[in-house]
Amino acid sequence: MIEEELNEDIYYQGEKRLSKGMINTKYEEIFSYDDQKVTSHSRKVYQLGREAFLRDSKQNDDNYNGPPTRQLLQEARFFYDGDLLIKVTDNRPQNGSVATTHLNYENGIMTSASYFKQDKRYNHREFYYNESGLKTRTEIFNVYGESEYTITYDYEYY
């Protein structure tokens, strides 16, 4: 449980509701596994204090905590092809849509990753490697499929 000190006066519909109180915040993360692989992850926040107090317009007691508020911050699902992670769906309700990342491999080495929001590709990355298997370059493409920038990796051997 994380406690955050509230050092401000709160007004709700023009009426002072709470002054210098305490907000108790609890974050909860849940992971699900199958065959020793993460298949889902969710993150929620529970708050007891200011938000719960403000929801109930009939309460006038500065010590009132009321029922806790609960909000889903993130919910992700992971999909595999054998041992390779090929797709991640990420639902963030506060953003209003589900985002999906698709990962592509060649001979077990990741060659590209694409990020989609509501079936529209927002960016795409291609990865290039040398004969030793070290990544040498990443090319990033924008929503229009145009090359936006390149990251070049330079390795020095000692």
Side-chain angles (χ1 to χ4, degrees), residues 1-12 18 21-55 67-158:
M1 176 88 62
I2 298 170
E3 292 185 354
E4 302 173 24
E5 184 68 32
L6 177 64
N7 291 315
E8 59 187 69
D9 291 336
I10 303 297
Y11 291 84
Y12 181 71
L18 179 64
M22 183 69 72
I23 300 173
N24 295 316
T25 304
K26 175 183 170 187
Y27 293 94
E28 177 182 85
E29 293 192 61
I30 300 171
F31 293 86
S32 297
Y33 298 88
D34 185 20
D35 196 23
Q36 298 184 348
K37 295 179 200 134
V38 175
T39 56
S40 68
H41 166 258
S42 65
R43 185 168 187 250
K44 300 174 184 173
V45 63
Y46 298 86
Q47 290 186 327
L48 183 62
R50 180 181 67 178
E51 283 77 11
F53 184 83
L54 292 176
R55 270 198 347 246
T69 61
R70 178 179 150 198
Q71 180 182 9
L72 176 66
L73 297 178
Q74 177 185 18
E75 187 173 49
R77 302 232 182 268
F78 303 88
F79 302 90
Y80 299 87
D81 182 9
D83 287 336
L84 301 176
L85 177 64
I86 58 169
K87 179 176 158 184
V88 178
T89 59
D90 187 6
N91 179 20
R92 294 180 187 238
Q94 63 275 20
N95 291 346
S97 66
V98 174
T100 305
T101 301
H102 292 274
L103 308 167
N104 297 304
Y105 300 85
E106 199 171 287
N107 299 324
I109 297 173
M110 187 184 310
T111 57
S112 67
S114 297
Y115 176 79
F116 295 85
K117 226 174 167 184
Q118 294 179 344
D119 295 330
K120 181 177 182 180
R121 186 166 80 174
Y122 276 82
N123 68 46
H124 175 73
R125 295 171 183 245
E126 293 182 2
F127 309 108
Y128 298 90
Y129 304 85
N130 65 16
E131 306 81 39
S132 301
L134 293 174
K135 189 186 296 184
T136 57
R137 188 173 86 237
T138 300
E139 291 186 13
I140 292 94
F141 299 86
N142 63 21
V143 68
Y144 305 107
E146 301 164 342
S147 180
E148 197 160 282
Y149 60 93
T150 300
I151 301 170
T152 303
Y153 305 94
D154 185 17
Y155 301 98
E156 290 185 27
Y157 297 94
Y158 296 95

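FYI, side chains are in, hydrogens and waters are out, and symmetry mates aren't considered; it's all heavy atoms of this structure.
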Rounded to the nearest 0.5 Å, how far does [atom2] of [Y] lie from [atom1] of [X]?
X: Arg125; Y: Thr101; atom1: CZ; atom2: OG1; answer: 10.0 Å
X: Glu139; Y: Thr150; atom1: CD; atom2: OG1; answer: 4.5 Å
X: Arg77; Y: Thr100; atom1: CZ; atom2: OG1; answer: 12.5 Å
X: Phe127; Y: Ile140; atom1: CZ; atom2: CD1; answer: 7.5 Å

Tabulate below the donor-acceptor pairs under 3.5 Å that side-chain atoms of residues 111-119 make, not counting sequence neighbours, or state none.
unit_1, atom_1, unit_2, atom_2, d
Thr111, OG1, Asn104, O, 3.3
Ser112, OG, Asn104, ND2, 2.9
Ser114, OG, His124, ND1, 2.6

Beyond-backbone contact of [X] with [Y], side-chain heavy atoms, under 4.5 angstrom:
X: Thr89; Y: Asn91; result: no
X: Lys135; Y: Arg137; result: no
X: Asp35; Y: Tyr80; result: no

Legend entry - Glu29 and His41 side chains, donor-acceptor separation under 3.5 Å: yes
Legend entry - Test item: side-chain donor near acceptor, Asp90 and Gln74, under 3.5 Å: yes
Identify the heavy atoms of [X] and [Y] that sit nearest to each other, and give their distance.
X: Tyr33; Y: Thr39; result: N-OG1, 3.9 Å
X: Phe78; Y: Val38; result: CB-O, 3.3 Å
X: Phe141; Y: Glu126; result: CE1-CD, 3.8 Å
X: Asn142; Y: Tyr144; result: OD1-N, 2.9 Å

Inset, instruction - Check side chain to side chain contact (heavy atoms under 4.5 Å, CB included) between Ile109 and all other residues, then give those that pass, not counting sequence neighbours. - result: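 Ile109 satisfies side chain to side chain contact (heavy atoms under 4.5 Å, CB included) with Tyr129 only.
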Inset, instruction - Please identify each residue that fulfils side chain to side chain contact (heavy atoms under 4.5 Å, CB included) with Val143, with sequence neighbours left out. - result: Lys120, Tyr122
Inset, instruction - Measure from the side-chain N and O atoms of Thr136 to the backbone N and O of Tyr128, and report whether any donor-acceptor pair falls under 3.5 Å. - result: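 Yes.
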Inset, instruction - Using a strict cut-off of less than 4.0 Å between a Lys/Arg side-chain nitrogen and an Asp/Glu carboxylate oxygen, indicate whether Asp83 and Lys37 qualify as a salt bridge. - result: yes
